[in-house]
Amino acid sequence: MFSVRRRGAAARLAAAALVSGLVATGAIAGAGTAAADEVPQHQGGATTTLGGLSQDNDSAVIHEGGKDEKVSAGLFDMSVDGGGSLQTYCIDIHHPTQTDAKYQETPWSGTSLGKNPNAGKIRWILENSYPQVNNLAELAEKAGAGSLTEKTAAAGTQVAIWRYSDGADVDAANPAAEKLADYLQKAAQSIAEPKASLTLDSVAVSGKAGEKLGPVTVHTNVSASVTASGNAAFGVKIVDKDGKPVTTASDSSQLYFDVPADTEPGTAALTVQATTNVPVGRAFTSDTRSQTQILAGSSDSTVSATATATWADKGAIPAVSAEKNCARGGVDITASNQGDKPFTFELAGVKHTIEAGKSQTITVPVKEDQPYDLTITGPNGFEKEFTGVLDCKTAASNGGGSGDRTDQPSSRPSAASAGHGGPIDSGKGGDLAETGGSSATPIIAGIAIALVVVGGGAVFFLRRKKNVTGR
């Protein structure tokens, strides 16, 4: 069955902490289990915690409704679960930020950038300004700005981004920063969305016991580790197309779950994890309505993606995944069936049947900025739950004028959640700012670290016909 439920903010935050980004793509309950894990939509990449504005920030003035509003403008610091640091700019000026909010690397299609014709120009600005360009004298000369500091360069870059992300009438308070913003706005050209740091083309597969289930194709620019908890004890292995066990993967590697024929209906998961620079221009979103961010610089950082497999001997054998679709204003639920009987489930009050060997994608409409909680159940205890918040529009594009909006223009973390906001660690390599850098240790979420330690974040549930000691 499918259901939509709304919960309080505290419950949503607790759920988000318990299902960190390492398992966000699809940890589900094993056979015979009634409850399902809540699964935010995360197609792989970096999972982070927002610290706050870095030391490299100045101010800007928004002109709206005949009023002027002064706001902070500059870089944000993020710490990456598992290790690493990011620097980002805001791309939704009227939404508040929440210090310590969890963020996930997200395709442009899952953000306001998906329908923004100027998204490619924002990426050009990121590639051609601070911190990617650390020669501030050269940058100032191009912009006719006289001289720039780290603070004024960051402010000017943020202002130029806001003009394209929000269509905002905004000026930098500092004259040199304003010169830089004008130059970047005029010079910007559209370039394509960067590829994900790490992603899988299938995050849910299914099939019959005794077969190799997959493939799960890896997309990455570095060598990655592959883990699946419990496979040695229970006989399920992660293998390549030739059936050879694998522990590492590279770009275009195809992974399979090799499930022994005597294994009872169940579920397994694998996690692919690597250390790399996250590409400049990748978007980061939060399920706590903290403003969307776009990547300006990255140290060597931990990235991961998870896929699940479901198997049985006969009957319907479903695999279900979900992804935010801002173009359609909802969540795409993709269901496939590798069994020998139809898979029937209810979605938004309508029954759907996936014939054997077929798949179907159904878009569930979700209101902007509203939390959703979607659950689908199936045979052999199959149950999968997806939670999140759809944040596809900036406050301005969402119709919020100065007279009817409760959020105030601000890139500063909200007072209710203000805490740390220390400088970023640029000592691990990558493309973070080098001028005016610091060496503060990134703040890592304890729960996420625990998941990394225990089996690389993989979640593995299965049952076998034969008794297994200790179960």
Does either side chain, that of Ser290 or that of Thr288, offer a donor lying less than 3.5 Å from an acceptor on the other one? no

If you compare all heavy atoms of Asn221 against all heavy atoms of Ser197, which two are closest, and at what distance to 0.1 Å? OD1-O, 4.2 Å

Measure from the side-chain N and O atoms of Thr394 to the backbone N and O of Asp166, and report whether any donor-acceptor pair falls under 3.5 Å. no

Is it the case that the side chain of Asp242 and the backbone of Lys244 share a donor-acceptor pair, with hydrogens and angles ignored and the cut-off at 3.5 Å? no

Looking just at side-chain N and O atoms, do Thr220 and Asp251 make a donor-acceptor pair shorter than 3.5 Å? no

Flag the pair Pro318 / Pro379 as yes when at least one side-chain heavy-atom distance between them is below 4.5 Å, and no otherwise. yes

Which residue in the set Val203, Val205, Val226 passes side-chain contact (heavy atoms from CB on, under 4.5 Å) when paired with Val216? Val205

Between the side chains of Thr334 and Thr361, does any donor sit under 3.5 Å from an acceptor? yes

Heavy-atom pair of closest approach, residues Arg282 and Lys195: CD-O, 3.5 Å

Keeping Glu368 on the side-chain end and Lys393 on the backbone end, is there a donor-acceptor pair under 3.5 Å? yes

How about Pro194 and Trp108: do any of their side-chain heavy atoms sit closer than 4.5 Å? yes

Is the shortest distance from a Lys or Arg side-chain nitrogen in Lys324 or Asp391 to a carboxylate oxygen in the other one below 4.0 Å? no

When rounded to the nearest 0.5 angstrom, what is the spacing between CG in Asp373 and CD in Glu385? 4.0 Å

Test side-chain contact (heavy atoms from CB on, under 4.5 Å) applied to Ile354 and Phe345, step by step: CA-CA 9 Å; Ile354 312 298; Phe345 60 97; 3.8 Å; yes

Within the side chain of Asp340, is there an N or O that forms a donor-acceptor pair under 3.5 Å with the backbone of Gly315? yes

Could you check Thr111 against Ile294 for side-chain contact (heavy atoms from CB on, under 4.5 Å), going step by step and ending with a plain yes or no? CA-CA 10 Å; Thr111 73; Ile294 192 163; over 6 Å; no

What's the spacing between Ser301 OG and Asn277 CG if we round to 0.5 Å? 7.0 Å

Donor-acceptor under 3.5 Å (Ser165 side chain, Ile161 main chain): yes

Donor-acceptor contact below 3.5 Å, side chain Asn116 vs main chain Ser112: no

Is the shortest heavy-atom distance from the side chain of Thr292 to the side chain of His95 under 4.5 Å? no

With distance as the sole test, does Trp311 use its side chain to make a donor-acceptor pair with the main-chain N or O of Gly210 at under 3.5 Å? no

Within the 4.5 Å heavy-atom criterion, are Val259 and Leu213 side-chain neighbours or not? yes

I'd like to check Val218 versus Leu198 (side-chain heavy atoms, cut-off strictly below 4.5 Å). Are they in contact? yes

Tyr372 vs Val389, test: side-chain contact (heavy atoms from CB on, under 4.5 Å). Steps then yes/no. CA-CA 6 Å; Tyr372 58 85; Val389 174; 5.6 Å; no

Does Val364 reach the side chain of Phe386, with side-chain heavy atoms less than 4.5 Å apart? no

Nearest atoms (heavy-atom pairs only) where Cys90 meets Asp92: SG-N, 3.2 Å

Would you say the side-chain atoms of Asp300 pair up with the backbone N or O of Thr275, donor to acceptor, closer than 3.5 Å? no

pair Asp201-His219: side-chain heavy atoms closer than 4.5 Å: yes

Rounded to the nearest 0.5 Å, the CD atom of Gln291 sits from the OG1 atom of Thr97 at a distance of 5.0 Å

Once you round to the nearest 0.5 Å, how far does CD of Glu193 lie from CZ of Arg123? 8.5 Å

Is there a donor-acceptor contact under 3.5 Å from the side chain of Asn337 to the main chain of Ile317? yes

Min side-chain heavy-atom separation Pro260-Val236 under 4.5 Å: yes

Modelled atom types, side-chain donor and acceptor of Thr106 and Thr285, under 3.5 Å: yes

For Ser85 and Ser299, which heavy atoms make the closest approach, and how far apart are they? N-OG, 2.8 Å

Under a 3.5 Å distance rule, please check whether Thr49 uses its side chain to pair with a backbone N or O of Lys102 as donor and acceptor. no

For the CD1 atom of Ile91 and the CD atom of Gln293, what is their distance to the nearest 0.5 Å? 8.0 Å

Might you confirm whether atom NZ of Lys208 has over 12 heavy atoms from other residues, nucleotides or ligands at distances under 6.0 Å? yes

Could you pull out the closest heavy-atom pair between Ala335 and Val320, with the gap in Å? CB-CG2, 4.2 Å

CD1-CG distance between Ile122 and Leu113, expressed to the nearest 0.5 angstrom: 5.5 Å

Under 3.5 Å, is there a donor-acceptor pair between the Asn325 and Thr363 side chains? no

Would you please test Glu383 and Thr375 for side-chain contact (heavy atoms from CB on, under 4.5 Å) and show each step? CA-CA 7 Å; Glu383 191 171 72; Thr375 301; 3.8 Å; yes

Which of Ile376, Thr344, Leu347 passes side-chain contact (heavy atoms from CB on, under 4.5 Å) with His352? Answer is Leu347

Heavy-atom closest pair, residues Phe284 and Ala46: CE2-O, 3.7 Å

